[in-house]
Protein chains: 2
Amino acid sequence: MNIWMRPERPARGPRPAYSRAQITEAAIRIADAEGLEAATMRRIATEIGAGAMSLYRYVPSRDDLIELMADRLMGEIDVDGLPSGDWRADLTRYADGMRAMWLRHPWIATVHRSLPSFGPHQLRVIEGTMGALDAYVSIDENLSLMAILNGYVEGAVREEITRAEEARRSGVSEAEWMARSGPRIQQILDSGQYPMFARIVGEARQLHLDRDEQFRYGLDRVLDCIGAALTARSG
Amino acid sequence: MNIWMRPERPARGPRPAYSRAQITEAAIRIADAEGLEAATMRRIATEIGAGAMSLYRYVPSRDDLIELMADRLMGEIDVDGLPSGDWRADLTRYADGMRAMWLRHPWIATVHRSLPSFGPHQLRVIEGTMGALDAYVSIDENLSLMAILNGYVEGAVREEITRAEEARRSGVSEAEWMARSGPRIQQILDSGQYPMFARIVGEARQLHLDRDEQFRYGLDRVLDCIGAALTARSG
DNA sequence: CCGTTACTGCGTACGACGTACCCAGTGGAG
DNA sequence: CTCCACTGGGTACGTCGTACGCAGTAACGG
């Protein structure tokens with residue numbers, strides 16, 4: 001059953017010593033610092049001073065807890081005052097907010113969302129962002145355009161996270177990464193079998209931008225696309 | 001170290017009894033039938049008649065094996081004859097191929113790609129697809145447009161997979177899913193707090209399309225966007 | 001031709017993990 | 001006050017990935 005339909009605690013009995021929110025917060029703290037795989041049930045329980053099995057009084061399973069963590073993260077997305085009337089500004093703010101949130105909690109890239117579970121914060125964000133284009137397009141087109149935006153943001157930030165992680169691990173500065181290529185990229189170039197890949201490495205300018213600019217460049221291309229779709233509709 | 005740089009086997013010694021390809025194939029077979037989590041090292045070894053630890057003679061770790069599996073899946077994508085001159089047809093063929101492949105191997109949605117590891121099949125597909133728009137745009141724009149396309153395909157198919165999985169598990173036909181909503185969606189509608197969500201459920205026509213049509217609808221919106229970007233460039 | 005050596009596949013073992021189960025204690029409802 | 005539904009927590013089980021060490025084998029140096 002969906003975690004959001006299961007009440008936190010029954011009515012009767014003694015006062016609970018902990019809470020879902022507290023457990024979720026602790027788990028996020030651990031995952032931020034040491035990765036999601038470090039947020040084991042035992043570790044989380046230790047963090048809040050509980051016994052390992054006590055967590056199961058609040059949460060049916062670890063997967064459900066991760067669902068709670070994911071929605072709690074959506075709570076960090078600020079959609080107050082959306083829509084403002086300037087759809088491009090609204091969607092830029094949303095995309096930047098999502099990126100910043102993902103970078104604060106990079107482990108979110110590793111969670112496999114089993115089904116859209118529609119937590120309250122997720123729904124709040126949907127209300128805010130779908131409003132941005134609501135005046136210009138149908139619900140169906142709106143959904144499609146938001147799917148494009150979300151797909152871009154998710155893919156771009158996922159790559160950024162893994163690259164940053166790799167750079168941190170190998171001790172190489174982010175700027176040197178593509179230049180030095182890493183042995184595998186050099187091997188690919190040396191093989192001579194992949195001319196398009198070689199041109200990407202050699203010609204693509206966006207690879208030399210810093211990460212903020214790189215994200216903004218791609219985001220602007222996405223918003224250009226959305227803008228083109230809007231003007232094609234309205235005349 | 002990257003799995004693609006590590007040679008399969010050294011030169012000396014007795015003839016190996018197995019091979020990376022054989023192990024990868026067995027692992028994919030198990031994952032297709034029972035999910036990725038069923039493809040444990042012991043299970044894979046049993047499948048090919050080997051001892052559990054023998055696999056480590058061929059593959060450094062389970063994560064690397066999953067990398068091999070992922071690239072092997074990209075080998076199912078047909079990009080022969082690309083680019084054909086009709087970019088829209090080319091990208092449609094690519095997107096349909098990716099979707100079909102993902103649906104054949106739904107467990108791929110659960111893998112966390114730690115870094116783009118640039119396997120040979122992955123590179124082959126990049127060569128084919130980047131060629132489609134190469135005549136019309138710069139490398140940088142090409143990369144951005146392909147990121148948009150890939151983001152859409154990945155997101156759409158991921159949702160499709162999880163929804164199908166849920167439908168199968170609950171025994172409810174896919175067509176009834178949105179109509180019956182599931183208790184959680186009904187709960188959200190009843191709360192009255194999410195008018196945009198209610199309008200999506202009530203008004204969106206694409207939710208009543210079958211899955212193929214739904215994917216095609218979204219894909220056409222993406223390709224419209226790409227087309228708009230192309231004409232904005234060329235005149 | 002024959003050690004020598006570098007590999008082979010494999011069995012055992014370890015330290016995690018998620019969580020089923022059981023327990024004594026507790027505090028609100030009747 | 002009595003009852004009992006609930007509490008937090010300890011123990012235990014089955015599973016995982018994989019470190020390690022073994023005896024057997026095939027190619028190479030002489």
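Excluded from the calculations below are hydrogen atoms, water molecules and symmetry mates; all remaining heavy atoms, backbone and side chain alike, are included. Order of the sequence lines sets the chain letters (A, B, ...), proteins ahead of strands, with each chain counted from 1. Bear in mind the structure is a predicted one, so any value in this text is a computation, not a measurement.
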Tyr18(B) side chain near dC10(C) phosphate (N/O to OP1/OP2, under 4.0 Å): yes
Can you tell me if Glu213(B) uses its side chain to pair, donor with acceptor, with the backbone of Asp210(B) under 3.5 Å? yes
Checklist entry - Going through the distances and angles, do Ile23(B) and Glu47(B) end up as a side chain to side chain contact (heavy atoms under 4.5 Å, CB included)? => result CA-CA 9 Å; Ile23(B) 293 169; Glu47(B) 178 86 4; over 6 Å; no
Residues in residues 29-55 of chain B with a heavy atom under 4.0 Å of DNA chain D, by number, are Thr40(B), Met41(B), Arg42(B), Met53(B)
Establish, for the pair Arg99(B) and Phe215(B), whether the NZ or CZ atom is under 6.0 angstrom from the six-membered ring centre and no further than 45 degrees off its axis.
yes
- Side chains of Ile77(B) and Met98(B): closer than 4.5 Å at any heavy-atom pair? yes
Rounded to whole Å, CG of Leu65(A) lies from C1' of dT19(C) at a distance of 14 Å
request  = Examine the base of dG8(D) for any acceptor or donor lying under 3.5 Å from a partner atom in the side chain of Arg57(A), and report the outcome as yes or no.
outcome  = yes
| Pairing of Glu25(B) and Arg29(B) as salt bridge, 4.0 angstrom limit | no
Side-chain contact check for Arg62(A): nearest option of dG8(D), dT19(C), dG17(D) is dT19(C)
Between Arg43(A) (side chain) and Glu37(A) (backbone), is there a donor-acceptor pair under 3.5 Å? no
